Structures are given as structure tokens and as C-alpha cells.
Amino acid sequence: MADYKDTLNLPDTPFPMRGDLAKREPGWVKEWQEKKIYQAIRAASAHRPKFILHDGPPYANGDIHIGHAVNKILKDIIVKSRNMAGYDAQYVPGWDCHGMPIEREIEKKHGKNLPTEKTQALARAYAGEQIERQKVDFVRLGVLGEWDNPYKTMAFKTEADEIRVLGRILEKGYVYRGLKPVNWCFDCASALAEAEVEYADKEDLAIDVAFPFAEPEKVAAAFGLPALAKDGAVVIWTTTPWTIPSNQALNMHPEFSYSLVDTGRGLLILATDLVAANLEKWKLTGTTLATTVGAKLSEIKFHHPLAKMDAGYDRLSPVYLGDYVTLDTGTGIVHSAPAYGVEDFISCKSHGMKDTEILTPVMGNGVYAETLPLFAGQMIWKANPVITEKLKDSGNLLHVNKYVHSYMHCWRHKTPIIYRASTQWFAAMDTPPGFRGNKPAESLRETALRAIDATQFFPGWGKQRLHSMIANRPDWTLSRQRQWGVPMPFFVHKETGELHPQTLEILEAVAKLVEQNGIEAWQTVNPDDLIGAVGANSTAYYEKIKDTLDVWFDSGSTFQTVMGGPGGETNGMGSHGPQLRYPADMYLEGSDQHRGWFHSSLLVSCMLNGRAPYDSLLTHGFVVAGDGRKMSKSVGNVVAPQKISDTLGAEVLRLWVASTDYSGELSISDEILKRVVEAYRRIRNTLRFMLANTSDFDPKAHALPVKEWLEIDRYALGLAAELQHNVLADYTRYEFHAAVPKIQIFCSEDLGGFYLDILKDRLYTAAKGSHARRSAQNALWHLTQSLLRLMAPILSFTAEEAWREFNPGDLTIFLHTYYAFPQPEDGPELAQKWAQLRTVRGEVQKKLEDMRTAKEIGSSLQAEVEIRAAGDKLKALQSLGNDLRFVLITSQATVTHVDDAAAESISATTSKYAKCERCWHYRSDVGANKEHAGLCGRCVSNLFGPGEPRAHA
RNA sequence: CGUCGUAUAGCUCAACGGUAGAGCACCCGCCCGAUAAGCGGGAGGCUGGUGGUUCAAAUCCAUCUGCGGCGACCA
């Protein structure tokens, strides 16, 4: 038997079937960098309209985790897809560099209580190292961007511009100074972040204190009594006697029941449920005169327990209602010192107490101010027993005992800390304080809410979320008491606290210094040099403030400090102003950034420009393990992006990101990744087949006008055009998880299961340069053009790898836009007709499967088919003529007319003819040519004659 | 606890008031000229639970449960 394999046009390509991604991707990354692909794309796109996705800066601490990878890959997919859609889509990555976590890292490595200069120097160096580490991992993911010139919030110019932003919001009248309770360490003489707080057991004095009636008639009325027969008091319980001198209110729960009890020491009010326990503790007996709910006692005033001890305490405390009051311990009544408790502060403020009315006798070192009656100059912890003693003297102490409880301690000093109202700087949400006659026309809250309405959200529920956050948030505390942060370079009057009259000029002067030497310049500058040492406006009267800005203000200002704000393209503002544009088309981050970066950026931009810095917001969820659980080191279900890159390849990670619906959680597991790998293999193999079968195709020499193609080739072109249209629509909506299965199904069903399967016969057996074969290659060539570009934003490595094979000598696929298809004239009719043909094909395949099960055939080519059909179906089948058998991949196919659909049927038989040794079809004319006894007629013609005519398939 | 999401076949996703679909995985078979490939066929869901609205509910409403985000001087 002659071997005819050499006479076939079998596919050939160096494009390997297996990607070997983990090993080969780093090489491609390197090439992209060496060939400066990103810069080439910029040059090629310079004339196009801009699409600006402004990068939200990751924090420069720690190696990237899977969430970072998701974020950057999504951004990369969007940037690439917008660029290929014909935009100049820039990507300038950035890093958030200041803040407490880095300070803590420095403390861990170099010890605590370093001088500020030292901390800043170490922090700056550390952040730089972290950025380089993270950058390597980001680049490894195939993310293209301006990695040579990223933005950093610690860049000197960025730091300086941030100070200028502060100056502008001050000038516009949004900034004021006020009180706020914070965690305070006396040894640090500073506020602490929550992360710097530890809990440990502490022994305190727990005291029960009576606040005597000041308005007995109102108390009587609240309990439904005509009058009270004797004096009495409301009783509170506290473990912080040192807050008693600062008491300014009492809290009761509006719904709890409170009793008025007649005891040996007068009438007492306490929660009904706690009467028995407390009377026993106080060794009293009593009878309940009446009960009422807390709400009835609202606003009734009581005497301070130390009122009789010193006139300085002769004041009244009103009852404010609060849901946070519990019946766990104590009396059901809580004493409220607004300067030293968060709930106390909020409650008193909401009842109209002004900052200036709040008593703040505890100084930063934990000692009572000289103005505090009775206890001046005492350290609060040492004052506890003294206060208790005074209360006893006053007759208002019902009980005292030692009490061990869990209490906040400083992470550094292991000493107890307190909540302490301290002076902070705020941006006003509702009532702009104004600045020297300047005052915004509307409140920041109103402006921001309007800006949200004008913003597009992906997914849509983000709008309501951000809206409700802005609607409900309190004033923004801009100041922090930290070292590694952008300073608020203010001078305030030592007595009045007023800002220096030349504040704006000082800010600009400091900005200039910072521009040269970084934030460190503010640390080292001599105040005398800025405002002079003598005179009313000098350092004699004004002191330098050490506060830094909230790090959220750093990243919240990047629309100005990086993008350059309005006019940044031309006015030289911003680290990347000329190339970017304000507002950005999009900010894209995890959904936690509604409260973070989206939020802070919105507020700063609204203060500066009255609008959001973005036109649209896209949010993605968080990555969870396959079982829906959060990933955590302790559970051990953490999936590291570096590990995936090193084993499966970053391409697989990219495909996983693209195929997951990011609007909810993104779950990842070994099985999920395995499925992604399967999908990848299928797509890769399909590409390989197309590359292999077009390897001898030269579009310059072999291109044919579409109308000269075979019908099925034109149909395939239409399918690809439809795919591209649908996929691009998904890209435009940023719904990549909808696009990926479309591509996958196209490869599997339309190509693998249909078109390519049918095409093999023609590609392999027709004469190499025949019209029939070239027509197929034309179609494959256009399909590949489209498919590679369509895939490129997601499967960047593979698309690029294939592109080099497909288009040798071209720098990169990313220089190209989506493919412009030639339009077949009869596209719609073909689509309809071939859909019908494919239905019939499916029915035939079922029939053939039955024969296979009955062992009548193996290969479908062993069968001959007869189809009886009516109407359109008949016409469609008949129109293919002799080519129908190729569509069905059978050796013979005949069509017979029947009158109506009910009479339609399909039958198949095993061919009785011999198998052509070359094309494997079973034909009556095999051996008809004596010189080539093993061949069928068309193979003889294809090899030695004019070639078989093919018009349809 | 509050609030915003989310829950459909083993996995990833469709169906957006009208008989639950696809790809992959799985099972069976074919092929051996895409070959650590390719083709065909098949099985597999009380759409998280419960109650409602409706002629009709995966879809609308309520409630419960699981999971997750946010509620931090953390980023």
C-alpha cells in the first residue's frame, strides 16, 4: 500500500501545543521591557483620544497578594482593551508611601522612639525598597505601564503639591480646628492608631456615685408622682474615677425601666433590673415607689457629686438617652465625660454641646491642668483614690471596690492609655467655617452628593453605597500625630489657637522647601526663618504644629498631585500632568475603597473643583478560597499570585481574573484553576491549529476577495465577526467574565466542533495552492487576525507569542487595534442558512452515534447518509450539492424531497465501497484509475489533474 | 449589632415574570493526518431554607441561614 501521507498538506508550526508558561513568560516580560513596548504604544497612540484609568496606589509595604494581582490585572485588561479600541489609554502606576504601617515596620526593625529625622529617613528608604519588590511582581503579571516612571506619594514634588492642596482647601474655607476623642498615650504624648493599641488586664477602682436631684419636681413627674417626699439621687457606676471631674452628662437607655427606690439614704434612681443587686451591694434596704422608662427622664438635670466640695463643680448634668447603655454591670446609668469617651463625645455633641464647652482638664502627659479644682497637677492614675476619697467626703460615694478588667494599653510602652479629646484639624461636611471672607456656596456634603450622581458606577449598586457613606459621614479629621507623613505646616497662636495671618504664604514657602528636600524639610526648618523671632506675628506668639495629614489625603489628592487637576495637561501641574487628564475616565479598586480612596478623592476634588475626579468608578470584590471563606494565613488557604505565576503561569491567573464575575467575591481554588487551565489549553490549541494551517499562506500573494471564497468560509468569517462584535460589547461594559466563555465556546463549538473539523479534509487533501484550500486559509487568516487581537487584553502572553508566529517582524500585537473585518455581502442569509444546516448536522451525528454503538461504523466516513427534507431545509441541503458530504464528514450524502416536515427523516448505512488510501473517504471510484489503484477520483485530480471543484464547503 | 452585597449542575457562568442552559470536569464510544491532541454521545439542578404576590417565580416581596465588604488616627 502506497503511503500518501507525504502528499497531504499537514499542518506545521513552531507554536508549541503546551505553553510552558511559567518558564517562558519571564522571557517575554523581559522582551517587552527591553523593546520598550509601552513607550511604543504611547507613540503610536499619541494622536488618539485619551482614556485615563488613574491607578489607585497600593500601600508600599509587603509583597503583593492575590487581591493586588486581581486589581492590577483588571486594570491592565481594561487599559489594553481601550487602547486596542482606538484610544490613547495610559497607565501610570503609583504607590502610597506614607503612614503608620511603615512607621511600625521601622520601629520593629530599628527600635522604638527614634528621632523623627531618623524615622523619616528609614521610612523613605524602606518604602522605596518595598516599591521595587512589588513592582517586579506586578510586571511579572504581564501588566504594561509606565513602570520606569511611576508616581509615588513620597516624591518631593508630590509632597509639596499636597501641601499646596491643603492651602487651597483652607483658602476655600473648608478647614477648621476642633476637638475629637482619640486613643492617647501619655508616654508617647501622642494619639495612637487602633493598631497600636493592645489589651491587657488592669486593676481599677470601681465606684458607685450619686448625682443628687436638681429638679425634683421633674423627677416626680417622670415617675408619675405628684411630688417627692425627700431628697435623692441618680446613681452611676464607673471604673474611671478620674473622669468624674470632667462629667458633663448622664446616659440612660430610652427603653429600659428605671425605679425610684426609697432607701435609708434617700431616694435613689437606678435600673429596675439592677435594684436588688445594688441595694445588697450597698447594704441598703428600700421600697420601690414607682418605675418609669428612661425616655421619660430625658434632659432632667442632676447635681455634680462634687458640687459641695468646690464651687468649681457646682454645675448640672442632664440625662441624654443612649442605646449603648447596658444592664450588664453597674446601675443602668452611665456617667458621661465627653472629652474622655467616644460615645460620650458623640452624645454630647449631638445634644448641641460646643467644643469650647467640653471640659478637657487632662493634659497630654496625663496630669490634670492647674485650673482643675481639687486635683490640679495630679497624674490621673494617682488621682483615682484621691477623687474617690473626695466623693466619700461629699457623701455621694455609695460603694468602692477594686476591679480587674481588660483595658487598652500602648503597643510601645505597655502602659494604660485613654480616650482623650484633642485638638485636630477637620474638613467640614456641612457648615464650612470659611476663611477670611471666602466661603463655599454649598456644603461639601451637598457638592459631593451631586458629584456622585454625575458618576457612572460599575456595578450600579456602588452609587448608593458611596452616596450613603457620604451622606452619613462626620467631618473629615485631616490631622494625624505621626512622623512619616506630609506635614500640616501651620503656625497657630499660642493662646488663641488662631492660624498665623500669613498661613497661605507660609504654606507656599514650605512647599518650596519640601519640593527640594521632601517632608524632612519641615522637620528641620527653623521657625524663626519662616515667621521671624520678634514681633506680634513671630515665633514669640506662634508655635509650629507637628501634625501630619491623614494618609488618605495623600492618595485623595493624586488627581491633583499626579494628574495635575484641571488644566494639568498644559499648566505643568502634577507629576504626570502633561500626559494624563483631569478628570480621569475611571478609578478602579476593591469595594473597600468606597470608604477609602474613592471617598477621599471625591471629597478633595469636590473641595478643589466642585466635582468628582473621575467619570466612572469600577469596583471588584475580594478574593476568597474556593469554599467561600476568607483567605487567611492561620487557616492556611492563602493562594499567592507569585506561586501561580511560577507554576501555572501568570496567563492562567489573568484568565482566571477575566473569567470571574468580579462584582461579588472572586473565589479561587486548585479545582477552579484547573478548570481555567483546561479552558486555556483549548484556546491555545485552536490557535495552534490555525497558525499551523496558515503557515504556508502569504496574504500578499494568496489573498482572495471574500466573494470568491467558498460559502462555509464566508459563513465562518461572519461567525468571527459576530463573536468580535459581542466580545467588544462585553469589553465596553467591562464584563470580561461574559466575554471569556464566548471566546471559549467559539473555539470549542464553532471552530473545533464544526468549522475546523470540516476544514481538515479540504486543507489537507486539496492541492496546496488550489482555490479550495486558499479560500480556507483566507478565512483562517482573518479569523486569526481577529481572535488574537480580541484575546490580547486578557491572554496577553499567548496573543503576543502567537502574533510573532503569525506576523513575523511586527514589534507587538499591542500596537494594533481590533480587527476590521472584510464584510461578506451575504452574511445574514448565510448565518440563517447555516444555522439550519448545523441543526441537521447534529441530527446526523446522533444517527451516526447509533451506528457506532451498533458497531456498524467507527469513523463517520464509513457511513453514507440520506436525508429526506422539505421546505427551506431541503433547499439549504440541496444548495450544497456534492459538498454536503464534507459538511457532514461522511463519504456520501444524498438529499431527497418530501412534502412536509412530518415526513422528514435521516437514514444512514455503512458504505460498501473501498476506502481511499489518501483521503479516507469510501468512494465508488476508488481504483478507477489503474495507475493509482488506492485513490479516489478527487484525490487523483488533486494530485495529478486540475483539482476538484469546491464551491460550498 | 447596623449596613451593603451574594447564594443556579462538581467548577465557572447564562437565563432579568412564562417549560432551568452552556463550557469545562465526569461516564461511554470513535478516531489515530491538531496527538500529553481531535470528534461524537450521555448522565448530572425541589435554582440555600421558609412564607407570600401572581394564571405563572431562579426571577418580585418578606423572613431566616451561610458567606463576604464596610462600620478603624489601618491601608
Side-chain angles (χ1 to χ4, degrees), chain A residues 4-5 8-13 17-18 57-62 96 99-102 104 180 182-184 190-197 323 422 424 459 461-462 464-465 468-469 472-473 477 479-482 548 550-552 555 590-597 619 621-622 624 626-630 656 659-661 663-665 667 669 671-679 681-682 685-686 688-693 737-738 740-742 744-745 747-749 752-754 756-757 760-761 763-765 842 845-846 848-850 852-853 855 857-862 889 918-920:
Chain A
Y4 288 101
K5 194 166 175 176
L8 296 172
N9 314 300
L10 292 179
D12 181 35
T13 177
M17 185 154 87
R18 308 190 69 196
Y59 191 70
N61 184 28
D96 198 6
M100 191 205 67
I102 290 178
R104 285 192 62 173
K180 192 188 178 195
V182 297
N183 293 314
W184 190 273
S190 164
L192 298 185
E194 190 77 20
E196 296 170 304
V197 175
D323 291 336
S422 66
Q424 303 290 343
W461 49 256
Q464 195 212 326
R465 182 144 158 197
S468 71
M469 283 177 182
N472 296 319
R473 70 155 293 147
T477 314
S479 50
R480 297 290 186 274
Q481 289 69 47
R482 309 225 64 92
T548 58
D550 179 4
V551 280
W552 284 111
S555 54
S591 56
D592 57 335
Q593 298 302 331
H594 283 106
R595 187 160 294 275
W597 192 52
T619 51
F622 281 72
V624 296
D627 57 1
R629 298 279 173 165
K630 201 195 302 200
W656 166 72
S659 50
T660 305
D661 179 1
S663 67
E665 293 118 58
S667 40
S669 68
E671 180 181 2
I672 291 167
L673 285 172
K674 209 169 150 190
R675 293 291 92 81
V676 174
V677 169
E678 298 292 343
R681 283 210 189 111
R682 184 60 203 240
N685 246 312
T686 305
R688 180 166 186 268
F689 183 88
M690 297 203 289
L691 293 176
N693 282 290
H737 77 283
V740 170
K742 287 190 177 86
Q744 194 189 339
I745 291 169
C747 288
S748 262
E749 298 291 296
F754 176 71
L756 300 183
D757 203 26
K760 284 177 204 166
D761 176 86
L763 287 166
Y764 299 168
T765 68
Q845 281 170 329
K846 277 202 175 68
L848 298 180
E849 190 61 28
D850 290 343
R852 231 171 248 134
T853 308
K855 303 286 181 198
I857 59 167
S859 161
S860 62
L861 285 174
Q862 287 174 256
I889 315 185
R918 182 169 177 271
C919 74
W920 296 343

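Convention: sequence-line order gives letters A, B, ...; per-chain numbering from 1. Note that the coordinates shown come from a computational prediction; the quantities given were computed from them, not determined experimentally.
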For the side chain of A:Gln845, starting at C-beta, report the closest nucleotide among B:A34, B:A14, B:G40.
B:G40
Hey, does A:Gln481 reach any base, or is it just sugar-phosphate, or nothing, if we go heavy atoms under 4.0 Å?
base
CG/A:Leu763 to CG/A:Leu8 distance, rounded to the nearest 0.5 angstrom?
11.5 Å
C1'-based separation of B:U19 from B:A58 [nearest Å]:
14 Å
I want to check something: taking the side chain as every heavy atom from C-beta on, are A:Arg465 and A:Ser591 in contact at a cut-off of under 4.5 Å?
yes
A:Leu691 CG - B:A37 P separation (whole Å):
18 Å
Looking at B:A37, B:G10, B:C70, which one has an atom nearest to any side-chain atom of A:Arg465?
B:C70
Counting just side-chain N and O atoms, does A:Lys630 come under 4.0 Å of either OP1 or OP2 of B:G69?
yes
Among the nucleotides B:U35, B:G23, B:U12, whichever has the atom closest to the side chain of A:Met17 is B:U35
Output yes when A:Lys760 and A:Asp757 qualify as a salt bridge under the 4.0 Å nitrogen-oxygen rule, no when they do not.
yes
Across the strands shown, which category fits A:Pro101 at heavy-atom distances under 4.0 angstrom: base, sugar-phosphate, nothing?
sugar-phosphate
Between A:Glu678 and A:Arg682, is the closest basic N to carboxylate O distance under 4.0 Å?
no
Quick check for you: among B:G23, B:U12, B:C39, whose closest atom lies nearest to any side-chain atom of A:Gln744?
B:G23
Please work out the stems of RNA chain B from pairs that are Watson-Crick or G-U wobble with both distances under 3.5 Å, keeping only runs of three or more consecutive pairs.
B:1-7 with B:65-71, B:10-13 with B:21-24, B:26-30 with B:38-42, B:48-52 with B:60-64
Within less than 4.0 Å of OP1 or OP2 of B:A75, is there a side-chain N or O belonging to A:Ser555?
no
Comparing nearest nucleotides in RNA chain B, the 5'-proximal residue of the pair A:Asn685, A:Trp461 is A:Trp461
Contact class for A:Val740 vs. all strands (heavy atom < 4.0 Å): base, sugar-phosphate, or nothing?
nothing
Among the candidates B:A34, B:C11, B:A75, find the nucleotide nearest to the side-chain atoms of A:Trp552.
B:A75
Using only side-chain N and O atoms of A:Tyr4, determine if any of them is under 4.0 Å from OP1 or OP2 of B:G33.
no
Whole-Å distance, A:Phe754 CZ to B:G38 C1', equals 16 Å
Considering only atom P, compute the distance from B:C46 to B:G21 and round it to an integer number of Å.
15 Å
Interatomic spacing from CG in A:Leu756 to CG in A:Asn685 - rounded to 0.5 Å:
11.0 Å
Could you state the atom-to-atom distance from CD of A:Glu678 to P of B:A22 in whole Å?
19 Å
A:Arg473 CZ - B:A72 C1' separation (whole Å):
13 Å
Backbone N/O of A:Ser859 and side chain of A:Gln862: donor-acceptor pair under 3.5 Å
yes
Determine the interatomic distance between C1' on B:A62 and the same-named atom on B:U54; round to the nearest Å.
16 Å
So what does A:Gly621 hit on the nucleic acid, given a heavy-atom distance under 4.0 Å: a base, only sugar-phosphate, or nothing?
nothing
Decide, yes or no, whether a salt bridge links A:Glu849 with A:Lys846 under the criterion of side-chain N to carboxylate O below 4.0 Å.
no
Main-chain N/O of A:Ile857 paired with A:Arg852 side-chain donor or acceptor, under 3.5 Å:
no
Over all strands shown, is A:Asn61 touching base, sugar-phosphate only, or nothing at heavy-atom distances under 4.0 angstrom?
nothing
Roughly how far apart, to the nearest Å, are B:A15 and B:C1 at atom C1'?
37 Å
Starting from the 5' end of RNA chain B, give me the residue, A:Arg480 or A:Ser663, whose nearest nucleotide shows up first.
A:Ser663
Quick one: A:Ile672 CD1 to B:U12 C1', roughly how many Å, whole number?
7 Å
Which part of the nucleic acid, if any, lies within reach of A:Gly664 when heavy atoms closer than 4.0 Å are counted: base, sugar-phosphate only, or nothing?
nothing
Round to a whole Å and report the spacing from CG of A:Leu848 to P of B:G41.
10 Å
Would you please confirm or rule out a distance under 4.0 Å between OP1 or OP2 of B:U3 and any side-chain N or O of A:Gln464?
no
Distance below 4.0 Å between A:Arg682 side-chain N/O and B:C39 OP1 or OP2:
yes
side-chain N/O A:His594 vs B:G71 OP1/OP2, d < 4.0 Å:
no
Nearest-angstrom distance, C1' atom, B:G52 to B:G17:
16 Å
Roughly how many Å apart are B:G10 and B:A43, using the P atom of each and rounding to a whole number?
16 Å
Among B:A25, B:G69, B:A75, the one nearest any side-chain atom of A:Phe622 is B:G69
Whole Å only: how far is the CD atom of A:Gln593 from the C1' atom of B:G68?
16 Å
Which part of the nucleic acid does A:Phe689 contact within heavy-atom distance under 4.0 Å: base, sugar-phosphate only, or nothing?
base
In Å and rounded to the nearest 0.5 Å, what is the CZ to CD distance from A:Arg629 to A:Glu665?
11.5 Å
If we take the P atom in both B:C70 and B:A14, what is their distance in whole Å?
24 Å
Of the candidate nucleotides B:C4, B:C73, B:C70, which contains the atom at the shortest distance from the side chain of A:Lys180?
B:C73
Please determine, for the side chain of A:Arg681, which listed nucleotide (B:A37, B:G68, B:A14) has the closest atom?
B:A37
Rounded to the nearest Å, what distance is computed from the CD atom of residue A:Glu665 to the C1' atom of nucleotide B:C67?
6 Å
Spell out yes or no: do the side chain of A:Arg18 and the base of B:A36 have one donor N/O and one acceptor N/O closer than 3.5 Å?
yes
Taking the minimum atom-to-atom distance to the side chain of A:Ser667, which one of B:C73, B:G5, B:U12 wins?
B:U12
Considering all heavy atoms, the nearest A:Tyr764-A:Pro11 contact
CE2-CD, 3.4 Å
Base of B:A25, side chain of A:Lys674 - is there a donor-acceptor contact under 3.5 Å?
no
Consider the side chain of A:Ile745, meaning its heavy atoms from C-beta on, and name the nucleotide among B:G68, B:A22, B:C13 that approaches it most closely.
B:A22
Nucleotide by nucleotide, nucleotides 27-32 of chain B touches protein heavy atoms under 4.0 Å in the pattern (B base, S sugar-phosphate only, - none) ---SSS
Euclidean distance for P, B:A36 against B:C11 (whole angstrom):
31 Å
